[in-house]
Amino acid sequence: MKAIVQDRYGPPETLRLDDVDVPVPAADEVLVRVEAAALNAYDWHIVRGDPRMARLAWGRPAPRARIRGRDFAGQVTAVGADVRRLRPGDAVFGDLGDANGAFAEYVCVPEALVAAKPANLTAQQAAALPLAGVTALMGLRDVGRLQPGHRVLVNGASGGVGTLAVQLAKVLGATVTGVCSTRNVDLVRSLGADRVVDYTRDDFTQIAGPHDLVLDLVGNRSLTALRRSLTPTGTLVLSGGGVFSGGNLLGPVRLLTSGRLLAPFVRHRIVVLDAAPGRQHLDTLREHAEAGRLTPVIDRTYPLHQVPDAIRYLETEHARAKVVITVP
């Protein structure tokens with residue numbers, strides 16, 4: 001089969017389309033014929049090995065997982081001996097987590113990490129949901145503890161996670177402020193944001209607030225500035241992605257670490273979000289999608305062999321919403 005493989009850290013050009021063996025599902029796994037896969041900030045971070053400190057977890061001197069990509073949608077073609085919920089022919093979507101492997105024609109994935117594809121979404125739309133959707137859902141509902149009537153600010157509202165977070169916050173009954181650039185103001189407003197702040201014109205930490213919850217998806221502001229947007233007992237959820245700026249040792253880890261260290265000493269709740277893949281959250285996303293409450297927004301699509309171009313676009317151009325890979 002064809003797959004996008006990586007043998008060393010570096011720019012997107014280090015990726016290449018190669019022939020590899022079709023994986024064989026283990027007892028608890030299903031084999032999926034991939035129809036679409038989606039990019040996340042995670043992908044360009046691991047391609048670059050940026051921040052460099054993260055290579056301790058990803059592998060040195062190269063990533064342990066050679067095939068890139070986490071999010072996928074496709075059709076089950078074979079199942080392991082212990083699989084009971086899925087069968088060949090089922091349309092599914094999911095997130096491979098740190099195992100990676102979605103930028104390929106086939107992928108093996110544990111049954112626990114896949115769910116039935118939303119019936120009203122295309123494969124491309126479904127592939128755009130898993131990691132970004134779970135991040136938004138966990139950030140708002142699970143760790144953010146968002147309640148009806150709360151005021152929430154989403155910094156990075158036009159990104160892959162942000163476009164879903166704005167919609168999910170409205171589903172949860174919140175009043176939503178979205179922060180984005182000028183070109184994305186209309187998009188964020190169309191997703192349901194009650195107020196949109198153009199960060200190229202205004203500093204949201206000075207003019208917007210107070211909020212019960214701030215979901216920071218960018219990591220470009222200090223903790224002091226972010227906390228200015230909160231009520232005295234509000235919650236700050238940190239989950240920064242950002243764009244490539246030449247490489248560094250710590251990257252967003254610096255802000256996340258500072259948040260963990262400060263959290264015990266302030267009235268604000270400061271939470272560093274670690275989104276983990278799982279079927280329960282995917283099922284919730286499917287329910288919202290099928291009910292018409294959640295619609296993924298796709299910025300661009302690229303064929304499998306153009307994954308390097310897609311990652312270059314994502315890491316440098318402030319892509320709006322999701323970038324998706326189509327697999328023939």
Side-chain angles (χ1 to χ4, degrees), residues 34-41 70-75 91-95 102 114-142 144 146 148 152-181 183-196 215 217 239 241 275 277-302 310 313-314 318-327:
V34 178
E35 297 175 14
L39 270 63
N40 298 282
R70 290 182 55 155
D71 290 349
F72 67 92
Q75 187 174 96
V92 296
F93 73 127
D95 173 6
V114 295
K117 181 181 78 68
N120 60 330
L121 298 187
T122 65
Q124 289 80 12
Q125 289 174 311
L129 271 180
L131 179 56
V134 170
T135 300
L137 186 62
M138 291 183 66
L140 295 169
R141 186 194 67 180
D142 298 352
L146 191 63
V152 59
L153 181 141
V154 180
N155 184 27
S158 62
V161 179
T163 50
L164 297 172
V166 169
Q167 296 177 71
L168 287 170
K170 295 302 296 182
V171 169
L172 294 171
T175 298
V176 182
T177 296
V179 180
C180 63
S181 65
R183 73 184 182 110
N184 295 320
V185 167
D186 289 341
L187 168 64
V188 173
R189 188 174 289 118
S190 74
L191 296 174
D194 300 281
R195 180 184 184 186
V196 182
L215 178 60
L217 303 171
S239 181
R279 182 166 64 91
Q280 182 179 9
H281 288 94
L282 294 176
D283 285 339
T284 298
L285 295 173
R286 185 189 69 246
E287 292 167 6
H288 287 316
E290 290 182 342
R293 297 185 291 263
L294 183 65
T295 303
V297 180
I298 296 175
D299 180 3
R300 295 187 182 186
T301 60
Y302 292 81
Y313 173 67
L314 179 68
H318 292 280
R320 59 163 62 186
K322 296 295 292 184
V323 175
V324 174
I325 305 301
T326 57
V327 183

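Bear in mind that the values here come from a model prediction, so they are computed numbers and not experimental data.
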Under 3.5 Å donor-acceptor pairs involving side-chain atoms of residues 162-169, not counting sequence neighbours:
residue	atom	partner	partner atom	Å
Thr163	OG1	Gly159	O	2.9
Thr163	OG1	Gly160	O	3.3
Gln167	OE1	Thr295	N	2.8
Gln167	NE2	Thr163	O	3.0
Gln167	NE2	Thr295	O	3.0

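Taken to the nearest 0.5 Å, the CG atom of Leu39 stands 11.5 Å off from the OH atom of Tyr313. Expressed to the nearest 0.5 Å, how far CG of Leu137 lies from CG of Leu146 amounts to 11.0 Å. A distance of 8.0 Å separates CZ in Arg320 from OG in Ser181, rounded to the nearest 0.5 Å. Taking NZ of Lys117 as the reference point, atom OG1 of Thr122 lies at 7.0 Å (rounded to 0.5 Å). Between atom CG of residue Leu314 and atom CZ of residue Arg300 there is a gap of 11.0 Å, rounded to the nearest 0.5 Å. Between the CG atom of Asn155 and the OG atom of Ser239 there is a distance of 11.5 Å, given to the nearest 0.5 Å.
Glu290 and Ala119 make their closest contact through OE2-N, 2.9 Å (heavy atoms, listed as atom of the first residue, atom of the second, distance). Summarising the geometry of Ala102 relative to Ala37, their closest heavy-atom pair is O-CB, 3.7 Å, with the distance given to 0.1 Å. Pairing each heavy atom of Ala116 with each of Phe93, the nearest pair is O-CE2, 3.2 Å. Between Val34 and Ala36, the shortest heavy-atom distance links the atoms CG1-O, 3.5 Å. The minimum heavy-atom distance between Ala193 and Val196, with the atom names listed, is CB-CG2, 4.0 Å. Nearest heavy atom pair, residue Ala132 against residue Asn40, reads N-OD1, 4.1 Å.
With sequence neighbours left out, the side-chain contact (heavy atoms from CB on, under 4.5 Å) criterion links Thr301 to Ile298, Val324, Thr326. Annotation: side-chain hydrogen bond (donor to acceptor under 3.5 Å, both in side chains) contacts of Arg141 (sequence neighbours excluded): none.
Looking at Val188 and Val154, their side chains never come closer than 4.5 Å, going by heavy atoms from C-beta outward. Put simply, the side chain of Val297 reaches to within 4.5 Å of the side chain of Leu191, judged on heavy atoms.
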Residue pair Arg70, Asp95: steps toward the salt bridge (Lys or Arg N to Asp or Glu O under 4.0 Å) verdict: CA-CA 5 Å; Arg70 290 182 55 155; Asp95 173 6; 2.9 Å; yes

Verdict with supporting geometry, Asp194 and Lys170, side-chain contact (heavy atoms from CB on, under 4.5 Å): CA-CA 9 Å; Asp194 300 281; Lys170 295 302 296 182; 2.9 Å; yes

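Judged by distance alone, with hydrogens and angles left aside, the side-chain atoms of Asn120 form a donor-acceptor pair with the main-chain N or O of Ala289 at under 3.5 Å. Formation of a donor-acceptor pair under 3.5 Å by the Asp71 side chain with backbone atoms of Leu131 is found in this model.
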